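Reading through the structure tokens given below for one structure.
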Amino acid sequence: MKVLVAGGAGYIGSHCVRQLLAAGHEPVILDNFVYGHRGALPAGVKVHEVSLADTAALERVFAAEHIDLVMHFAAYCYVGESVTTPLKYYLNNVSATYNLLDVMLRHGVKKFVFSSTCATYGVPATLPLVEGMPQAPINPYGQTKLDVENALKALAHAKSLSFAVFRYFNAAGASEDGSVGEDHNPETHLIPLAFGAAQGLRPALQVFGTDYPTPDGTCQRDYVHVDDLSRAHIAAFEKLSQPGTALFYNLGTGRPTSVKEVIDAVEKVTGLKVPVNYGPRREGDPPALFANSLKAQSELGWKPKFMTIESVVETAWRWHKARPKGYEG
Ligand code: UDP
């Protein structure tokens with residue numbers, strides 16, 4: 001299939017592009033390179049440098065390419081920033097996505113795979129999270145993703161759009177061949193910040209909150225390998241042939257890992273000490289989030305390969321050690 005990958009130069013998108021190629025698909029990249037990296041793209045892949053907000057440019061892409069399916073990874077993803085700068089998130093994650101959907105549907109493209117998030121659930125009443133549980137985000141980032149999920153439901157009904165929504169837990173790790181990895185600017189994610197602190201390249205790691213109702217007082221998350229995420233996306237393609245199909249899947253390992261446990265894993269894998277400062281909670285952070293992903297497992301035959309935090313951190317460390325300053329370093 002010819003697959004338009006919006007955000008194909010970003011962290012998860014660039015890993016998925018490689019998996020698409022490996023599975024025999026033809027990815028076409030759409031990225032505005034605000035956060036994406038040219039160095040994350042494999043040689044020979046077609047790239048359109050286009051913003052999703054630019055309707056005329058999107059029209060040209062869909063007129064020139066005969067796209068079978070759109071995968072959409074192009075979103076801002078910082079929970080903290082979404083709290084302080086909500087409109088940046090609504091304009092990019094919501095408005096620009098509606099623009100993409102409008103243009104693609106007008107060009108007869110009716111298959112869509114969307115990156116959503118466990119942040120759409122807010123603070124869950126029970127864990128692990130199952131897809132049918134109530135969604136009540138506690139930060140604008142999660143709300144923007146939920147807004148798009150709701151629009152997709154309406155479009156499946158009204159326009160026969162077929163879509164799969166993947167609610168990621170914490171994407172982590174790097175490709176096994178070391179070709180791509182995590183490089184955000186600014187970096188706010190726990191694992192790369194812990195590496196940087198251990199190497200003395202960044203200040204001591206701030207642990208956000210030690211008084212959560214969790215076994216060690218720090219937040220628990222479900223760290224799922226970025227290549228495992230990518231494999232689930234591609235496995236969903238064959239489910240989208242029927243017009244109006246609406247699919248929702250959690251993607252996680254099902255294992256909660258606390259911030260302290262991540263730090264332990266980083267120290268074990270790197271052999272370095274992570275200097276730590278214990279600080280207050282970060283606004284917008286739920287105490288614990290981990291997935292029940294049995295639906296993806298049974299319907300898509302998906303099985304995460306990386307089931308331990310050490311195995312995820314190991315791949316991330318291989319990438320980070322080779323490129324401590326990321327793609328541009
Ligand atoms: N975290 C932390 N210090 C940091 C960055 C993150 O203690 O410098 C915590 C954060 O509160 C959360 C977990 O690590 O509980 C994962 O945060 P991250 O930003 O990596 O992903 P998120 O869960 O926000 O998507």
Side-chain angles (χ1 to χ4, degrees), residues 7 10-13 34-37 73-97 115-124 129 135-149 167-173 181-197 201-214 216-224 226 229 252 256-263 266 274-291 316 320 326:
Y11 173 41
I12 303 171
V34 169
Y35 289 118
H37 302 279
F73 298 97
Y76 297 151
C77 65
Y78 301 129
V79 168
E81 185 185 55
S82 81
V83 174
T84 54
T85 323
L87 269 183
K88 176 174 175 180
Y89 280 70
Y90 280 95
L91 287 170
N92 185 63
N93 295 7
V94 182
S95 302
T97 299
S115 303
S116 188
T117 170
C118 59
T120 58
Y121 292 110
V123 181
L129 278 152
Q135 289 172 286
I138 61 163
N139 53 60
Y141 169 65
Q143 185 62 53
T144 61
K145 293 288 187 172
L146 183 57
D147 287 354
V148 174
E149 286 196 14
R167 296 183 190 138
Y168 308 156
F169 284 63
N170 284 57
E182 187 166 13
D183 177 10
H184 293 108
N185 187 14
E187 187 55 80
T188 65
H189 293 102
L190 179 61
I191 295 171
L193 289 180
F195 289 150
L201 300 173
R202 290 184 185 273
L205 182 73
Q206 282 284 330
V207 171
F208 297 139
T210 52
D211 59 349
Y212 282 101
T214 58
D216 66 20
T218 64
C219 283
Q220 292 177 315
R221 294 287 181 274
D222 183 340
Y223 295 87
V224 55
V226 62
L229 292 179
T257 305
S258 72
V259 173
K260 280 189 181 159
E261 287 167 333
V262 170
I263 295 168
V266 167
V274 179
V276 169
N277 287 329
Y278 293 99
R281 294 181 176 195
R282 180 174 67 177
E283 201 182 342
D285 271 344
L289 293 168
F290 55 98
H320 191 89

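Not measured: the values here are computed from a predicted model.
- For Phe73, the ring-ring contact (aromatic ring centres under 6.0 Å, His included) partners at least two apart in sequence or on another chain are His233.
- At distances below 3.5 Å, at least one donor-acceptor pair connects side-chain atoms of Asn139 with backbone N or O atoms of Gly284.
- Rounding to the nearest 0.5 Å gives a distance of 12.5 Å between CG of Leu289 and CZ of Arg167.
- Taking the side chain as every heavy atom from C-beta outward, Ile138 and Pro286 approach each other to under 4.5 Å.
- In this structure, Gln143 CD and Tyr90 OH are separated by 4.5 Å, a value rounded to the nearest 0.5 Å.
- In this structure, Ala75 and Asn92 approach most closely via the heavy-atom pair CA-ND2, 3.7 Å.
- Residues passing the salt bridge (charged side-chain N to carboxylate O under 4.0 Å, His left out) test with Glu261: none are found, sequence neighbours excluded.
- Taking all atoms of both residues into account, the shortest heavy-atom contact from Ile191 to Ala316 is CG2-CB, 4.2 Å.
- With hydrogens and angles left out, the side-chain atoms of Gln220 and Thr214 include no donor and acceptor closer than 3.5 Å.
- For Arg221 against Pro287, the heavy-atom pair with the smallest separation is NH1-O, 3.7 Å.
- Note that NE2 of His184 and OG1 of Thr188 are 7.0 Å apart. Values are rounded to the nearest 0.5 Å.
- Rounded to the nearest 0.5 Å, atoms CD (Gln206) and CG (Leu190) are 12.0 Å apart.
- Note that CG of Asp222 and OG1 of Thr257 are 7.0 Å apart. Values are rounded to the nearest 0.5 Å.
- The two atoms that bring Ser116 and Thr120 nearest to each other are OG-CG2, 3.6 Å, heavy atoms only.
- In this structure, the side chains of Gln135 and Tyr121 come closer than 4.5 Å at one or more pairs of heavy atoms.
- Nearest heavy atom pair, residue His320 against residue Pro192, reads CE1-O, 4.1 Å.
- Under the side chain to side chain contact (heavy atoms under 4.5 Å, CB included) criterion, Val226 pairs with Tyr11, Ile12, His15, not counting sequence neighbours.
- When side chains are defined from C-beta on, Ser115 counts as touching Lys145, because their heavy atoms get closer than 4.5 Å.
- Taking the side chain as every heavy atom from C-beta outward, Leu205 and Pro275 never approach each other to under 4.5 Å.
- The ring-ring contact (aromatic ring centres under 6.0 Å, His included) search around Tyr76 returns Tyr35, Tyr89, not counting sequence neighbours.
- For the atom pair Phe169 CZ and Leu129 CG, the distance stands at 4.5 Å (nearest 0.5 Å).
- Among pairs with a residue in residues 74-86, those fulfilling salt bridge (Lys or Arg N to Asp or Glu O under 4.0 Å) read Glu81-Lys88, at least two apart in sequence or across chains.
- Here the side chain of Glu187 pairs a donor or acceptor atom with the backbone of His189 at under 3.5 angstrom.
- When each of Leu193, Ile263, Val262 is tested with Val274 by the rule side chain to side chain contact (heavy atoms under 4.5 Å, CB included), just one qualifies, namely Ile263.
- Scanning both residues, Val148 and Asn93, for their nearest heavy atoms gives CG2-O, 3.4 Å.
- Side-chain atoms of Lys260 and Val207, non-hydrogen and from C-beta on, never get closer than 4.5 Å to each other.
- Applying the salt bridge (charged side-chain N to carboxylate O under 4.0 Å, His left out) test to Asp147 and every residue at least two apart in sequence or in another chain returns nothing.
- Judged by distance alone, the side chain of Tyr78 and the main-chain N or O of Pro186 form a donor-acceptor pair under 3.5 Å.
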